[in-house]
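Following: one structure in structure tokens, then a few remarks.
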Amino acid sequence: MNLAAELDTSIFHLISEASQKLNLKSYVIGGYVRDLLLKRYSKDIDIVCAGSGIRLAEEVARMNGRDTSVTVFKNFGTAMLKIGDTEIEFVGARKESYRRESRKPIVEDGTLEDDQLRRDFTINALALSLNKENYGELIDPFDGVKDLKKKLIKTPQDPDVTFSDDPLRMMRAIRFASQLGFDINPESFDSIQKNKERIDIVSKERVTDELNKIILSNPPSYGFKLLFYSGLLEIILPEMVKLHGVETIEGKSHKDNFFHTLQVLDNVSKESDNLWLRWAAILHDIAKPQTKRFEPKHGWTFHGHEDLGAKMVPQIFSKLKLPLNEKMQFVKKLVRLHLRPIALVKDDVTDSAIRRLLFEAGEDIEDLMRLCNADITSKNYDRVKRYMANFRKVEKKMQEIEEKDKLRNFRPALDGEDIMKIFNIPPGREVGVIKNEIKEALLDGLVPNEYGTLYQYAVNVGKKLGLTVNSKN
């Protein structure tokens, strides 16, 4: 197979000319070739050459001119340059060997065949020649094209060697399967199950990076099922595995919360590419195993799972080396509030209850509603239809109250500084009590958000606390 027509661009011709000038053999290899055959867009190009990749990169940059700069990674023997929005990485062909206790390889110079053999999967071992005598020729020693057609993830050598040498490849196998909608061939999947414990030698950051890519694939549930059945999920996120299973007492069963969570995750993924909203879907019921109770009159209950789940979010984020910043706070908030909108579907819901939800959710109210809509996974069509109709009513009421009260950016017209001046008191408990009373009155709709009215309200609350109005005020 020759793909010279697909390589008829200035970048590839430039690399070819530079290679010829340096008397090097060079090839496009890996993901770019795979995506080219799959007709997927890719802006990352990997070039392998029989010689110094750094020297080739520097020559390409010199010939391209226009202030093309090269970033050199001497420790890895690689170099990168950017032309337009395309990143090109150059490396010399190499062969690798591994020590059991480390996924860092011992690297030696090698041939193109050696380099292809060290690749993780047959579909990533494809190469295209950039050499004048056979420009565009596909070099496919492991039948990667056949595996592309079969939609199969398969290792170029014994999978036990591939996965034991670099256990991160187990996560990558599942990630590619999830992103591309491919199967993992049985021998390779059996090997992942056999070598799953080896994932412990990989840094949490690298594992979580692959996990996030699985979460961002569509549908993400496929990748999670592969993680679950391979045994990797039990090691990476055991809290999620505990959701699996159904218990029955007195003929009453609860749903399998693991597969429910995957359905919610898929539902969210249809509406949003927001990684952190998807994490909220993953963790929204995470505390159900700890809060599960059977009550003869009511059946299965999970009281307080939203509050306990919110408390678990920072621990899980910390363990997985996920950011402990506003992104974590966003997930924590949505886990804590995810039952609140569902409770508002009753006809007798008050404006006060909606005000409180708008106030607590703030700018994240749309994402909260997306999560709550996604959480309706009943197989009873009429029930789902009824819930959705009620949700539309709640959303309409929220919109009306938000337009009137502007609760997302809620700030009382009278603040703590004003309270201290009114009573000539320092910061302390009394200021906090009065602020809270004002907030509650505003959310209950008892007073308008106007300075004069709130001033008098603060004076009345202060008098009950034994405070005296500052005569100079």
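This chain uses plain numbering: 1 for the first residue, then up along the sequence.
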Which value, rounded to the nearest 0.5 Å, describes the distance between Asp114 atom CG and Arg118 atom CZ?
10.0 Å

Which atom names give the shortest non-hydrogen contact between Val48 and Gly92, and what distance separates them?
CG2-C, 4.0 Å

Say whether Ser129 and Asn131, considering side chains only, have a donor N or O and an acceptor N or O under 3.5 Å apart.
yes

May I ask you to check whether Phe294 and His254 place their ring centres under 6.0 Å from each other?
no

Pair Lys154 + Glu187, salt bridge at N-O below 4.0 Å
no

Quick check: do His260 and Asp285 have side-chain heavy atoms less than 4.5 Å from each other?
yes

Say whether, by atom type as modelled, one donor and one acceptor occur between the side chain of Arg340 and the main chain of Glu360 under 3.5 angstrom.
no

Find out whether Ile88 and Ile47 are in side-chain contact, i.e. whether some heavy atom of one side chain is under 4.5 Å from a heavy atom of the other.
yes

Check ion pair Lys321-Glu205 (N to O, under 4.0 angstrom):
no

Please determine if Lys146 and Asp140 form a salt bridge, counting it only when a charged side-chain N lies under 4.0 Å from a carboxylate O.
no

Honestly, is Lys151 close enough over Phe182, meaning NZ or CZ under 6.0 Å from the six-membered ring centre and within 45° of the axis?
no

Would you say Asn274's side chain and Trp276's backbone share a donor-acceptor pair under 3.5 angstrom?
yes

Identify the two heavy atoms, one from Ser253 and one from Val246, that lie closest to each other, and give their separation to 0.1 Å.
CB-CG1, 3.8 Å

Counting N and O atoms only, with roles assigned by atom type, does the side chain of Trp279 sit under 3.5 Å from a partner on the main chain of Val331, one being a donor and the other an acceptor?
no

Note: Lys213-Asp209 ion pair, threshold 4.0 Å (strictly below):
yes

Rounded to the nearest 0.5 Å, what separates atom CE in Met369 from atom CG in Leu337?
11.5 Å

Salt bridge present between Glu239 and Lys319 (N-O < 4.0 angstrom)
yes

Lys333/Asp364 ion pair, N-O < 4.0 Å
yes

Hey, is Asp351 close enough to Lys397 for a salt bridge, meaning N to O under 4.0 Å?
yes

Quick one: does Leu443's side chain get under 4.5 Å of Phe359's, heavy atoms only?
yes

Could you grab the distance from atom CG of Asn195 to atom CZ of Phe163, nearest 0.5 Å is fine?
8.0 Å

Distance (rounded to the nearest 0.5 Å) between Ser269 OG and Arg278 CZ:
4.5 Å

Cut-off 3.5 Å, side chains only: do His244 and Asn257 have a donor facing an acceptor?
no

Residues in ring pair (Phe, Tyr, Trp, His ring centres under 6.0 Å) with His338, at least two apart?
His284, His305

Determine, for Arg62 against Glu59, whether the closest basic-nitrogen to carboxylate-oxygen distance falls under 4.0 angstrom.
yes

Donor-acceptor check, side chain of Asp256 to backbone of Phe259, threshold 3.5 angstrom: yes or no?
yes

As an exercise, state the distance from CD1 of Ile11 to OG1 of Thr86, rounded to the nearest 0.5 Å.
4.5 Å

Would you call Asp120 and Arg169 a salt bridge, using N to O less than 4.0 angstrom?
no

Would you say Ser191's side chain and Asp160's backbone share a donor-acceptor pair under 3.5 angstrom?
yes

Please enumerate all residues that pass salt bridge (charged side-chain N to carboxylate O under 4.0 Å, His left out) together with Asp367, with sequence neighbours excluded.
Arg370

Output the distance between atom CG (Leu38) and atom CG (Leu148), rounded to the nearest 0.5 Å.
5.0 Å

Shortest non-hydrogen pair, Ser19 vs Ser26, comes out as OG-OG, 2.7 Å

Lys270/Asp266 ion pair, N-O < 4.0 Å:
no

Treating Thr208 as the side-chain partner and Lys204 as the backbone partner, does any N or O pair qualify as donor plus acceptor under 3.5 Å?
yes

Does some side-chain heavy atom of Asn2 sit less than 4.5 Å from a side-chain heavy atom of Leu128?
no

Might you point out which heavy atoms bring Ile174 and Gly223 nearest each other, and give the distance in Å?
CG2-O, 3.5 Å

Test your reading of the model: is there a side-chain donor-acceptor pair from Ser16 to the backbone of Phe12, 3.5 Å cut-off?
no

Given side chains that start at C-beta, do those of Asp147 and Phe142 come closer than 4.5 Å, heavy atoms only?
no

Kindly indicate whether a cation-pi arrangement holds for Lys292 with Trp300, taking the cut-offs as under 6.0 Å to the six-membered ring centre and within 45° of the axis.
yes

Can any side-chain N or O of Ser230 pair as donor or acceptor with the backbone N or O of Leu227 at less than 3.5 Å?
yes

Any donor-acceptor N/O pair, Ser217 side chain to Ile214 backbone, under 3.5 Å
yes

If you measure only the distance, is there a donor-acceptor pair under 3.5 Å linking the side chains of Glu271 and Asn267?
no

Could you tell me whether the side chain of Gln193 and the main chain of Tyr229 form a donor-acceptor pair under 3.5 Å?
yes

